[in-house]
Engineer: 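Have a look at this one.
This one's a predicted model, so the numbers in the text were calculated from it and none came from an experiment. Here is the naming used below: chain letters follow the sequence lines, and residue numbers restart at 1 for every chain.
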Number of protein chains: 2
Amino acid sequence: MAGPRPTIKDVAALAGVSKSLVSLAMRGSDRVAPASAAAIQSAANQLGYRPNAAARSLADRRSNTIGVLVQDLHNPISAEIIDGVQRQVRASGYHTMLVTGSEDAALEQSEIEKLLEFQVEGLVVIGHRMPAGVRDAITGDCPTVIITRAESEIAGLDSISNNDIVGARMAVDYLHGLGHRAIAHVTGGDNQVALMRKSGYEEAMISYGLAKNIACYEGAFTDEGGYRGTSAALASKYQHSAVFVANDLAAVGALAAVADQGLGVPEEISIIGYDGMALGGLRSIGLTTIAQPLASMGEDAAALLFQRINDPGRLPVHIELEPRLVIRNSTGVYHG
Amino acid sequence: MAGPRPTIKDVAALAGVSKSLVSLAMRGSDRVAPASAAAIQSAANQLGYRPNAAARSLADRRSNTIGVLVQDLHNPISAEIIDGVQRQVRASGYHTMLVTGSEDAALEQSEIEKLLEFQVEGLVVIGHRMPAGVRDAITGDCPTVIITRAESEIAGLDSISNNDIVGARMAVDYLHGLGHRAIAHVTGGDNQVALMRKSGYEEAMISYGLAKNIACYEGAFTDEGGYRGTSAALASKYQHSAVFVANDLAAVGALAAVADQGLGVPEEISIIGYDGMALGGLRSIGLTTIAQPLASMGEDAAALLFQRINDPGRLPVHIELEPRLVIRNSTGVYHG
DNA sequence: CTTGAAAATTGGAACGGTCCAACAAAGCGT
DNA sequence: ACGCTTTGTTGGACCGTTCCAATTTTCAAG
């Protein structure tokens with residue numbers, strides 16, 4: 001239909017008032033006479049007027065927008081965290097601009113760059129890698145919070161994560177309690193989170209006097225990585241009876257690997273994952289796991305961000321939540 | 001550090017040139033003398049200058065941004081489609097602004113509203129519901145394409161989907177070929193896509209002379225919905241030997257329901273899903289399904305969008321892709 | 001040198017809003 | 001009717017860019 005979109009000026013002309021008044025009215029100011037307000041409303045509707053966010057954000061010098069970088073959209077836990085972030089961001093009257101990262105650091109950096117050009121007032125990073133460009137963002141005065149990764153010394157950067165070391169220990173504790181001794185670990189790569197889960201595993205094994213049983217197989221935070229690592233574990237000369245897999249997505253791959261070897265879960269091999277993704281709760285998967293409170297982590301992260309927006313100078317905050325063991329069907333007692 | 005962010009003016013002052021020249025240089029024009037370009041670059045770096053997208057988009061009268069509305073971020077197929085969309089959007093030099101929808105129509109509409117205020121140049125809707133607000137968007141001159149839902153008569157709206165009726169028929173064909181006769185269907189709600197899959201099922205059943213065996217159980221496009229519907233199917237007096245579930249996510253729930261009844265898949269019950277989500281391919285799930293080419297649908301959708309952006313007047317295009325049967329472990333021959 | 005064309009640079013007017021100080025109108029007590 | 005406050009309304013400057021016409025500089029040819 002349209003030609004150029006109607007502006008505030010067009011509305012003003014039609015309603016027979018000044019553009020300033022329209023501006024006030026559109027934002028619901030109470031200084032506008034009811035009659036004028038009505039006239040303006042009807043003029044706006046008639047023209048199909050819609051405020052121009054670019055102009056507004058230019059004049060305001062604020063965008064009312066929070067940028068979200070999701071490093072791995074394919075991991076279902078991302079969706080769960082995003083839900084929480086969105087809920088909180090919306091509740092605060094802001095909007096969300098979401099971009100996806102990738103293994104390609106340069107691309108990821110350019111995505112952050114874009115967010116900053118849009119003058120986002122804050123940045124939420126969901127993932128375990130520290131993206132190039134985040135430092136720039138922060139020193140460029142953009143409050144940032146990172147989820148699922150602990151970070152405490154960088155000024156202007158808050159973080160929220162669970163205690164991966166404790167969580168990994170819980171996994172081993174639980175398996176040990178079931179009688180397992182030859183407990184393998186399939187790793188999640190060399191990012192900080194994966195490394196902490198690995199240390200937790202090693203520490204726990206050592207504390208049970210099982211140092212010699214420590215066996216790490218290289219995996220990744222993907223289904224494929226879990227499959228690969230677990231296949232290697234099963235093919236090894238050690239007779240592992242249980243595998244602690246670095247995250248749930250990989251653990252689903254691990255289940256596949258076990259099945260492919262013709263072994264039964266949990267009769268012959270117990271599998272425990274990490275994260276607590278909702279999908280793992282389905283009976284057809286039934287994955288025992290160390291769960292993080294994903295949605296509330298998202299909410300808390302956004303809350304943290306708004307606190308920092310209101311008080312930019314404050315010291316970095318790191319919230320660390322306790323993970324919790326969720327027992328399902330992929331683990332069972334050891335019968336040698 | 002910062003105080004107010006540096007603007008093009010600050011860069012100009014430092015480099016000793018006019019702001020116009022900086023503007024040119026920042027966009028890589030070849031009309032700028034190499035010496036000036038270098039001076040400007042270095043001034044920009046020194047100040048940490050970053051263009052203001054709001055100002056640019058205001059002056060340009062274009063945002064260089066495509067809005068994406070994802071109705072169900074929790075369905076893993078969304079991530080796969082998004083990947084495709086992003087790839088194509090990036091390749092065209094645009095950016096992506098992603099928002100999530102929800103069951104709440106009002107909220108969804110307001111999200112679209114936001115995208116439009118941001119002057120997005122196009123809109124991609126991923127999902128099977130037609131969101132309130134999309135019509136406004138289109139009549140407001142915003143090119144739109146909708147993915148996974150067929151739509152062909154609305155001017156300005158392109159769509160891309162697979163042929164759900166054919167796909168559903170394929171599912172029944174395959175199960176029939178395996179010897180199944182008492183084939184149940186767990187529905188995906190009352191959205192258009194779910195209804196088409198249901199019709200395809202019914203048509204196929206009728207064409208095999210199995211009209212009396214038609215049995216639909218109410219489900220939803222969620223794991224929980226699949227669980228519920230399948231549980232009902234198994235509890236019914238009909239001795240179903242196979243279930244065609246409306247989508248993969250629900251089919252995973254269906255697998256759980258079958259397991260909970262202590263039945264074996266595929267020995268006693270065959271399950272077939274729809275969509276072809278990557279997760280279903282894992283051996284631990286091993287879901288037989290009717291697959292759509294998700295990533296390429298995303299790419300094609302974005303491509304369609306750009307075509308319409310360049311030629312707004314053209315007639316609505318609907319691309320319909322053929323689904324394809326992917327056989328895995330959740331289906332087997334009937335042995336009555 | 002001069003000259004004209006090409007190359008490089010510039011100032012100022014948009015873009016569509018918000019904000020502010022100033023002004024007009026209306027209400028009110030006396 | 002009188003100031004005085006309160007309530008409504010307005011024009012114009014400004015936000016940080018891009019664009020354009022106009023200007024200055026450079027340079028090769030005569």
Engineer: Could you tell me the separation between the CZ atom of Arg50(A) and the C1' atom of dG17(C), rounded to a whole number of Å?
Structural biologist: 16 Å
Engineer: Answer yes or no: does a side-chain N or O of Thr7(A) lie under 4.0 Å from OP1 or OP2 of dG16(C)?
Structural biologist: no
Engineer: Do Asp72(A) and Arg129(A) meet the salt-bridge criterion of a basic N to acidic O distance under 4.0 Å?
Structural biologist: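 No, this pair does not count.
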Engineer: Taking all atoms of both residues into account, what is the closest heavy-atom pair of Pro143(A) and Leu305(A), and its distance?
Structural biologist: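 Closest approach of Pro143(A) to Leu305(A): O-CD1, 3.5 Å.
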Engineer: Between Asn52(A) (CG) and dC15(C) (C1'), how many Å, whole number?
Structural biologist: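 Going from Asn52(A) (CG) to dC15(C) (C1'), I get 8 Å.
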Engineer: Could you tell me which non-hydrogen atom of Thr65(B) sits nearest to which non-hydrogen atom of Tyr94(B), and how far apart they are?
Structural biologist: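 Nearest pair, atom of Thr65(B) first, then Tyr94(B): N-CD2, 3.7 Å.
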Engineer: Heavy atoms under 4.0 Å, any strand shown: does Lys9(A) hit a base, just sugar-phosphate, or nothing?
Structural biologist: nothing
Engineer: Got a sec: does the CZ of Arg135(B) have more than 12 other heavy atoms crowding it under 6.0 Å?
Structural biologist: no
Engineer: Would you kindly give the CZ-to-P distance between Arg31(B) and dT9(C), to the nearest whole Å?
Structural biologist: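 Whole-Å distance recorded here is 11 Å.
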Engineer: Please state whether the phosphate of dT18(C), meaning OP1 or OP2, lies under 4.0 angstrom from any side-chain nitrogen or oxygen of Arg27(A).
Structural biologist: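 It does, given that an N or O in the side chain of Arg27(A) lies less than 4.0 Å from OP1 or OP2 of dT18(C).
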Engineer: How do Ser36(B) and Leu58(B) order along DNA chain C: which one's closest nucleotide is nearer the 5' end?
Structural biologist: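 Upstream on the strand: Ser36(B).
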Engineer: Rounding to an integer number of Å, can you tell me how far Arg56(A) CZ sits from dC19(C) C1'?
Structural biologist: 14 Å
Engineer: Expressed as a whole number of angstroms, how long is the span from Met26(A):CE to dT18(C):P?
Structural biologist: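 The distance from CE of Met26(A) to P of dT18(C) comes to 9 Å, rounded to the nearest Å.
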Engineer: Rounded to the Å, how far apart are Asp30(B) CG and dA7(C) C1'?
Structural biologist: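 After rounding, the reported distance stands at 11 Å.
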Engineer: Do Gln86(A) and Thr100(B) pair up side chain to side chain, a donor and an acceptor below 3.5 Å, judged on atom types alone?
Structural biologist: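 Yes - a donor-acceptor pair under 3.5 Å links their side chains.
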Engineer: To the side chain of Ser20(A), which of dA8(C), dA13(C), dC20(C) is closest?
Structural biologist: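 When the side chain of Ser20(A) is considered, dC20(C) is the closest of dA8(C), dA13(C), dC20(C).
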Engineer: Output the rounded distance in Å from CZ (Arg61(B)) to P (dA13(C)).
Structural biologist: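 Interatomic distance, CZ of Arg61(B) to P of dA13(C): 16 Å.
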Engineer: Using chain A heavy atoms and a threshold of under 4.0 Å, write down where along DNA chain D the contacts begin and end, 5' to 3'.
Structural biologist: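 Extent of the interface on DNA chain D: dG8(D) to dG16(D).
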Engineer: Give the nucleotide from the list dC15(C), dG17(C), dT18(C) with an atom nearest to the side chain of Tyr49(A).
Structural biologist: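 The closest nucleotide is dG17(C).
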Engineer: Do you know which two heavy atoms are closest between Gly84(A) and Glu299(A), and how far apart they sit?
Structural biologist: O-CG, 3.2 Å
Engineer: Rounded off to whole Å, could you give me the CD1-to-C1' distance for the Ile8(B) and dG12(C) pair?
Structural biologist: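 Those two atoms, CD1 and C1', are 14 Å apart.
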Engineer: Heavy-atom count around Asn45(B) CG within 6.0 Å, excluding the residue itself: above 12?
Structural biologist: yes
